[in-house]
Every structure is written in C-alpha cells, then in structure tokens.
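Ligands are counted one by one from 1 in listed order, and the atoms in each one are counted from 1 as well.
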Amino acid sequence: MTIFDSLNPARPAEIIGSFRTSTHIDIDEAVERATDAQKAWSAVPIPARAEMIAAIGDVLASRKAELARLVTVEAGKILTEAGGDVQEAIDMARFIAGQGRAAWGTTHPCELPSKFGFTTRHPVGIVGMITPWNFPVAIPSWKAFPALLAGNGIIIKPSEMAPACCDAFVSACVDAGIPDGLINVVHGFGEVGAYLAAHPKVRAISFTGSVATGRKVAIAAMEVGPKLLSLELGGKNAAIVMPDADLDLVIEGALFGGFGTAGQRCTSTSRIVAHRSIATELTARLAECTAALNIGDPLDARTNIGPVINAESAARILAMVERAAEEGNGIVVGGKIAHPEGCEGGSFFEPTIITGADRNSYITRNEVFGPVVAVLEVSSFDEAIDTVNDCDYGLSSAIYTKDVNLAMEALHRLDTGIVYVNAPTIGAEIHLPFGGNKHTGNGYREAGSRGLEQFSETKSVYIDYSGRLQKAQIDNREALS
Ligand code: UN1
C-alpha cells in the first residue's frame with residue numbers, strides 16, 4: 001500500500017492530507033460501482049438530474065469559505081483567487097442546471113414527405129476525468145457537472161498535488177444527495193491515470209494538463225479501442241499592445257494575467273507583443289510595478305503572489321529563465337527563487353520580466369507555467385498577429401487598442417480559442433466555450449453550451465410517418481415532384 005502526502009506549497013512541513021494510491025482493484029471496483037449507479041441515473045429525467053446539480057451548487061456555495069481556504073493551503077492560490085476557483089464551480093452548477101431545461105438537440109426537415117428528423121444526446125456510460133491542481137475545484141466541476149447532466153457515471157483522478165480539494169468537491173456532491181457510487185475518486189500518480197484511461201469500461205476520458213502527459217493519456221486511452229477523448233493542454237498566451245493602448249490598463253492586465261496564480265494558469269499571459277513605439281515605456285513601468293508585488297503566504301491578504309506548486313516546479317522555472325539569459329535575453333526584474341519570511345521551505349519564484357527575446361527564442365516558444373512574462377517588440381500590427389500565431393499553442397490571446405477596426409481584424413486573425421479585447425488573457429467565464437487550437441487541444445471545448453459534447457453521443461433520429469417504404473439516397477426526386 002503506497003501512501004503519499006499532499007503538502008502546503010507555501011510551508012511544505014504542513015501536511016494537508018495523506019492519501020492512498022489506488023490500486024488496479026480499487027479502480028476496477030470504482031468502475032463497477034459507477035456502472036451500477038449509472039444505469040439508474042441515466043433513467044432519471046434530465047431536469048431532475050439538473051436539480052441535483054443545482055443542489056450540489058448550493059452545498060458548494062454554503063462551504064465556499066472553507067473550500068477556498070483548502071484551495072489556498074493545498075494549491076497555493078491567494079485567497080481571492082481561491083474563492084474565484086470555488087465560485088467557478090458554483091457558477092458551473094447553476095449554468096449546467098439551467099441546461100437541463102434547455103434544448104437537448106435540433107430538429108431538421110427531411111428530404112422525403114411525412115418524415116421528420118431530430119437529434120438527441122445519449123450518455124456515453126462511464127467517464128474518466130484527469131484533473132490538474134491549478135483549478136482543483138473548478139476544473140472537476142467543469143467536467144463532472146456536464147457529465148452528470150448527460151447521464152454518466154464518473155471516476156475522477158485528481159492531480160496528486162491537490163487530492164484534498166477534489167475529495168472536498170466530491171463530498172459536496174455526496175452531501176447534496178448524488179446517488180451512491182455515481183461519482184468516485186481514485187488517487188495517485190501517472191500510472192493510476194494511465195490505468196483509468198486504458199480501462200475498457202471507461203468510454204470517455206477528459207484530461208486537463210500538460211501536452212506531454214496529454215499524449216500519454218491519449219495513447220493509453222486509444223490503445224484499448226477508440227474512446228471519446230478530450231484534451232485541454234498548454235498555452236503560450238500573448239497580449240498585443242498597440243501604440244494607442246491605454247498603458248495603465250495594459251499594465252494592470254499584464255500583472256493580473258502574467259502573475260495571477262503565480263503564472264500557473266493555462267491561460268496566463270506569458271508573452272507581451274508590444275509595438276516598438278511604446279515598448280520601452282511599457283517595459284519600464286511594468287518592471288517597476290512588478291518589483292512592488294508582494295510575494296508570500298497566500299493566506300495573508302497583503303500577498304499578491306503565492307508559491308508555485310512545489311520545489312521541482314521552482315527549479316524548472318529557474319532553469320528556463322537561466323536558459324533565456326544564456327541566449328542573451330535580459331532579465332529586467334525577478335528571475336530568482338524567492339524565500340519570503342514565514343514560509344520556510346516553501347517554493348516561490350519572483351515575478352519576472354524578460355526582454356530581448358523574439359518569436360524564435362526558447363522563452364517565447366515554451367510554456368513556463370510560472371510567473372515569467374517576456375516582452376517582444378514588433379513594428380506593425382501584421383507582425384504582431386504573425387508573432388502571436390507563430391507558436392505551437394493556441395489557447396488565449398488579447399489585444400489592447402482603442403481602434404475598433406484593428407480589434408475586429410485581430411479577433412478574426414488570432415489563431416486562439418479565446419480572444420480578449422482590452423482585457424488580460426485570463427478570466428474566461430464558464431458559460432462560454434473554453435479551449436484552444438493547435439497543441440492546446442484536440443478540438444473539444446469545455447464549459448458553455450459545448451461542454452456536453454465530450455460527455456455525450458449525438459443520436460440522429462428519423463421518424464417516417466408515411467406508412468410506406470420511402471427510399472432515401474435513391475434518385476427519385478422526379479417521382480416525388
Ligand atoms: C486553467 O488554467 O486550466 O480563464 C483554467 C481562466 C480561468 C480558467 C483557467 N477561468 O483563467
């Protein structure tokens with residue numbers, strides 16, 4: 001039996017919880033439990049399923065403060081951001097509950113007389129979810145609520161870095177009255193995820209995390225036979241700053257987008273693509289504001305930047321910044337591991353601004369997942385768009401300008417799943433589709449009206465009420481007219 005501990009990233013001596021790594025037998029049993037429960041659940045009318053999800057939202061809302069505190073101590077997010085994480089789950093419950101009374105398909109005219117076509121949605125059965133630590137309550141909710149509404153049974157394998165948050169989320173589901181065995185958690189590392197992904201009775205896998213792990217999950221899932229597989233992977237998100245932009249707004253947005261969650265969002269702003277005419281002023285002012293940010297205990301309301309998730313992560317970020325320096329890029333501010341008072345042994349990284357990189361630099365092509373922002377200079381709007389798009393990822397982008405024509409042009413040409421105008425690259429709302437292009441994903445979108453797609457199969461239904469055999473795809477148009 002293998003036990004692992006979840007530690008507070010700000011003070012790793014503080015153990016948040018001890019967890020037992022799930023064995024193959026545990027996972028098989030969870031799948032069996034979910035399979036039994038799912039049969040009855042899929043027969044529950046959809047609006048009644050929706051009411052259960054609304055009830056979960058109410059339980060989450062009643063526990064918001066304690067859940068937020070848990071997110072802070074386990075994932076290291078400052079309290080306001082941790083509250084936002086929990087609020088996303090509450091909002092998602094309310095949104096999905098509403099979807100339970102919305103259209104469940106589309107109707108279509110048919111080619112032949114007295115014939116009618118429509119679509120409906122069918123549960124896939126048992127769905128596996130592999131969720132990250134950086135939105136440890138929100139992301140399980142983005143996946144679990146649409147999956148439940150669609151009539152599925154669920155197995156979640158949360159990140160080994162935030163297992164307690166996932167347990168607390170599932171406890172809220174159970175306390176709200178979700179049927180026994182319908183939603184299950186298995187714990188552990190990559191091997192547990194791989195076994196779940198490859199499980200022949202798990203029909204859909206939804207993964208959020210890195211590209212490298214996403215590839216492994218995809219291979220494990222597909223080896224046993226085709227499955228529904230949705231991948232939500234990395235980002236290398238950029239904000240374009242045109243000469244007419246409101247620089248105060250840009251700076252505020254860059255600090256929030258680049259350093260919020262210590263830069264550990266898949267949507268974090270890691271590139272600022274600034275027009276040469278304002279780049280020097282922008283960099284200087286941004287560096288000054290960056291240097292003034294407070295790094296420290298995320299439970300302290302004065303803290304702007306909490307820890308990164310662990311020492312390994314801090315070392316990786318440091319190595320990436322050092323490589324940028326070796327390539328000749330300038331480290332204008334930050335660039336080092338930090339040791340704030342009262343957080344002995346914690347893993348912190350100074351918010352960092354890098355200059356002198358171009359679109360081919362190491363630091364502008366690779367996801368850092370830490371508080372590191374590179375400022376790139378460009379000479380024109382076209383060059384800015386090309387620079388943003390010249391990247392393997394395509395999750396989120398932004399443009400700061402007061403010129404509506406440029407903003408419209410940009411939002412059409414930016415090759416990302418999310419585009420912001422005069423706002424940072426983070427902060428997606430749960431009722432719009434979330435996801436990205438290129439290496440960021442494999443074509444699905446989470447949340448919004450498309451959130452159900454990864455957890456349900458579309459069924460096309462034809463009803464022929466003519467009372468005779470009508471042959472479609474037979475060239476009989478003339479006979480019909
Ligand atoms: C993530 O980092 O995986 O748009 C999700 C945002 C948040 C979600 C981020 N609502 O920044």
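Applying the 4.0 Å criterion to heavy atoms of Ala428 picks out, from ligand 1, the atoms 4 (O), 6 (C), 10 (N). Counting the atoms of ligand 1 from 1 in the order shown, those under 4.0 Å from a heavy atom of Thr267 are 4 (O), 6 (C), 9 (C), 11 (O). Within ligand 1, the atoms closer than 4.0 Å to a non-hydrogen atom of Arg265 are 2 (O), 6 (C), 7 (C), 11 (O), numbered from 1 in the order shown. Within the listing of ligand 1, atoms 5 (C), 8 (C) sit less than 4.0 angstrom from a heavy atom of Trp142.
Heavy-atom neighbours of Glu288 CD from other residues, nucleotides or ligands within 6.0 Å: at or below the threshold of 12. Atom CZ of Arg69 is surrounded by 12 or fewer heavy atoms from other residues, nucleotides or ligands within 6.0 Å.
The nearest protein atom to atom 3 (O) of ligand 1, hydrogens excluded, is given as Cys266 SG, 2.7 Å; this is a heavy-atom distance. Among protein heavy atoms, the minimum distance from atom 9 (C) of ligand 1 is reached at Phe135 CE1, 3.5 Å. The nearest protein atom to atom 6 (C) of ligand 1, hydrogens excluded, is given as Gly427 N, 3.3 Å; this is a heavy-atom distance.
Between Lys143 and Glu446 there is a salt bridge, since at least one side-chain N of the basic residue sits less than 4.0 Å from a carboxylate O of the acidic one. Salt bridge Asp392/Lys438: absent, no basic N to carboxylate O contact under 4.0 Å. With salt bridges taken as basic N to acidic carboxylate O contacts below 4.0 Å, none links Glu191 and Lys157.
Rounded to the nearest 0.5 angstrom, Trp133 CH2 and Asn310 CG are separated by 8.0 Å. Within the model, atoms CD of Glu383 and CG of Asp386 stand 8.0 Å from one another, a figure rounded to the nearest 0.5 Å.
Residue contacts with ligand 1, taken as heavy atom pairs separated by less than 4.0 Å, involve Asn134 solely via side-chain atoms from C-beta onward.
For the ligand labelled ligand 1, residue Ile139 lies inside the 4.0 Å heavy-atom shell. Using a non-hydrogen distance threshold of 4.0 Å, Glu88 registers as a contact of ligand 1.
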